[in-house]
Amino acid sequence: MFNEHEHKIFNGVNADILNTFLNDSRINRRSFERGEVIFAPTSFSHSVGIITKGNAVIRRTHSAGDSVILRRIGEGEIFGVSALFSERTKFVSEIIADNNCSAIFFSEDMIRELISKDTNFAINYITMLSNKIDYLNKLISGYSAQTANAKLAYFLLQNAQNDMVCIEYSMTLLSERIGIGRASLYRAIEEFEDAKIITRKGKNICISDIEKLKMYI
């Protein structure tokens with residue numbers, strides 16, 4: 001069960017300061033039904049959110065109306081970090097409840113106050129932002145990957161939830177999303193299966209050897 005006191009963002013934070021913070025009346029705790037919008041480009045708050053139960057998906061909708069799932073987030077994962085201190089009026093993507101889930105939200109004012117009160121929290125927050133930058137750099141690398149194996153490996157690593165990737169669309173559409181031909185996609189999948197890197201179970205792909213998969217990107 002999720003315990004907000006033990007979340008890594010609060011590692012080393014003074015116990016009294018943390019207790020006061022987590023009992024602040026400004027905290028917003030919300031529940032969402034499957035398919036309900038948590039954050040959207042024109043409907044979001046300048047706050048940091050943490051999933052406390054269930055799962056959500058982060059997706060990007062294109063001008064043509066179609067959308068692609070960027071990644072899934074589960075219990076304990078943070079979102080809204082990039083928009084917290086931003087002056088922009090639109091959120092870059094959309095966060096949708098993947099099932100009945102709940103989240104806790106900390107406002108910009110609360111985060112500012114905690115940063116000023118506790119150095120450990122400030123360091124944790126900077127570390128989290130650094131990891132996000134690293135993730136975005138890897139995302140760029142994934143988009144610029146040249147081989148079919150590299151593109152597939154990157155897609156699987158970015159969409160894995162507990163080493164499992166649910167393919168919610170056809171292989172034809174998946175090949176278009178990844179940017180490779182359908183035949184190349186099938187060859188890459190077969191190669192990963194033969195190497196015992198992945199196994200397929202219906203629409204699900206299970207990553208059996210994540211370290212070996214990382215070697216392709």
Side-chain angles (χ1 to χ4, degrees), residues 1-34 36-41 43-59 69-139 157-164 207 210-211 214:
M1 181 178 292
F2 177 77
N3 185 338
E4 55 207 42
H5 286 78
E6 297 177 358
H7 195 278
K8 61 184 178 180
I9 194 64
F10 301 127
N11 282 348
V13 175
N14 177 275
D16 291 334
I17 293 176
L18 181 57
N19 285 332
T20 299
F21 177 81
L22 293 176
N23 285 290
D24 195 303
S25 61
R26 291 172 293 177
I27 287 179
N28 185 12
R29 301 176 188 273
R30 291 190 58 191
S31 296
F32 301 90
E33 295 183 357
R34 176 181 171 84
E36 189 174 352
V37 174
I38 299 175
F39 266 19
S43 177
F44 72 99
S45 61
H46 285 280
S47 60
V48 170
I50 302 177
I51 298 294
T52 56
K53 182 180 179 181
N55 302 280
V57 294
I58 300 177
R59 70 186 185 189
I69 293 177
L70 301 177
R71 67 187 185 98
R72 298 176 184 277
I73 54 176
E75 185 177 293
E77 294 198 65
I78 295 179
F79 59 91
V81 175
S82 62
L84 185 63
F85 299 121
S86 173
E87 295 179 352
R88 66 171 178 251
T89 58
K90 293 186 68 176
F91 195 62
V92 295
S93 54
E94 189 175 42
I95 303 177
I96 306 294
D98 198 32
N99 47 34
N100 292 342
C101 68
S102 57
I104 183 171
F105 297 86
F106 306 105
S107 69
E108 178 181 336
D109 288 343
M110 291 184 66
I111 297 297
R112 284 182 182 274
E113 290 169 13
L114 189 53
I115 286 174
S116 67
K117 289 178 180 178
D118 195 287
T119 304
N120 284 324
F121 179 76
I123 292 173
N124 293 342
Y125 197 83
I126 292 169
T127 300
M128 180 176 62
L129 291 175
S130 298
N131 289 337
K132 186 174 182 65
I133 292 171
D134 183 55
Y135 165 78
L136 292 174
N137 286 334
K138 289 179 179 178
L139 190 64
L157 290 168
Q158 294 305 312
N159 289 276
Q161 185 72 35
N162 296 323
D163 295 333
M164 185 73 71
I207 301 175
I210 194 166
E211 294 304 319
K214 289 178 179 178

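Predicted, not measured: the structure shown is a model, and the values here were computed from it.
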[atom1]/[X] to [atom2]/[Y] distance, rounded to the nearest 0.5 angstrom?
X      : Y      : atom1 : atom2 : answer
Asn28  : Ile104 : CG    : CD1   : 9.0 Å
Glu4   : Ile9   : CD    : CD1   : 13.5 Å
Leu129 : Phe85  : CG    : CZ    : 8.5 Å
Phe21  : Phe121 : CZ    : CZ    : 5.5 Å
Glu75  : Asn55  : CD    : CG    : 9.0 Å
Asn100 : Lys53  : CG    : NZ    : 8.0 Å

For [X] and [Y], which heavy atoms make the closest approach, and how far apart are they?
X      : Y      : result
Ser47  : Phe105 : OG-CD2, 3.7 Å
Ala97  : Phe32  : CB-CB, 3.9 Å
Asn120 : Gly12  : ND2-O, 2.7 Å
Phe39  : Val37  : O-CG1, 3.5 Å
Ala56  : Ile95  : CB-CG2, 4.0 Å
His46  : Leu84  : ND1-O, 3.3 Å

| query | Would Ser107 and Asp24 satisfy side-chain contact (heavy atoms from CB on, under 4.5 Å), going step by step from the backbone distance to the final call? | reply | CA-CA 11 Å; Ser107 69; Asp24 195 303; over 6 Å; no
| task | Show your reasoning for whether side-chain contact (heavy atoms from CB on, under 4.5 Å) applies to Phe106 and Leu114. | result | CA-CA 11 Å; Phe106 306 105; Leu114 189 53; over 6 Å; no
| query | Between Val13 and Lys117, is any pair of side-chain heavy atoms under 4.5 Å apart? | reply | no
| said: Within the structure provided, determine whether Arg112 and Glu108 are in side-chain contact (heavy-atom separation under 4.5 Å). | reply: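 Yes, their side chains come closer than 4.5 Å.
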[X] side chain to [Y] main-chain N or O, any donor-acceptor pair under 3.5 Å?
X      : Y      : value
Asn124 : Asn11  : yes
Thr52  : Ser102 : yes
Glu113 : Met110 : no
Asn99  : Gly54  : no

| request: Report the C-alpha distance between His7 and Ile78 in whole Å, list the side-chain angles of each, state the deciding distance to 0.1 Å, and finish with yes or no for side-chain contact (heavy atoms from CB on, under 4.5 Å). | output: CA-CA 10 Å; His7 195 278; Ile78 295 179; 3.5 Å; yes
| query | Take atom CZ in Arg34; do more than 12 heavy atoms of anything else shown fall under 6.0 Å from it? | reply | no
| task | Go through Tyr125 and Val81 one step at a time and tell me if the side-chain contact (heavy atoms from CB on, under 4.5 Å) criterion holds. | result | CA-CA 9 Å; Tyr125 197 83; Val81 175; 3.7 Å; yes
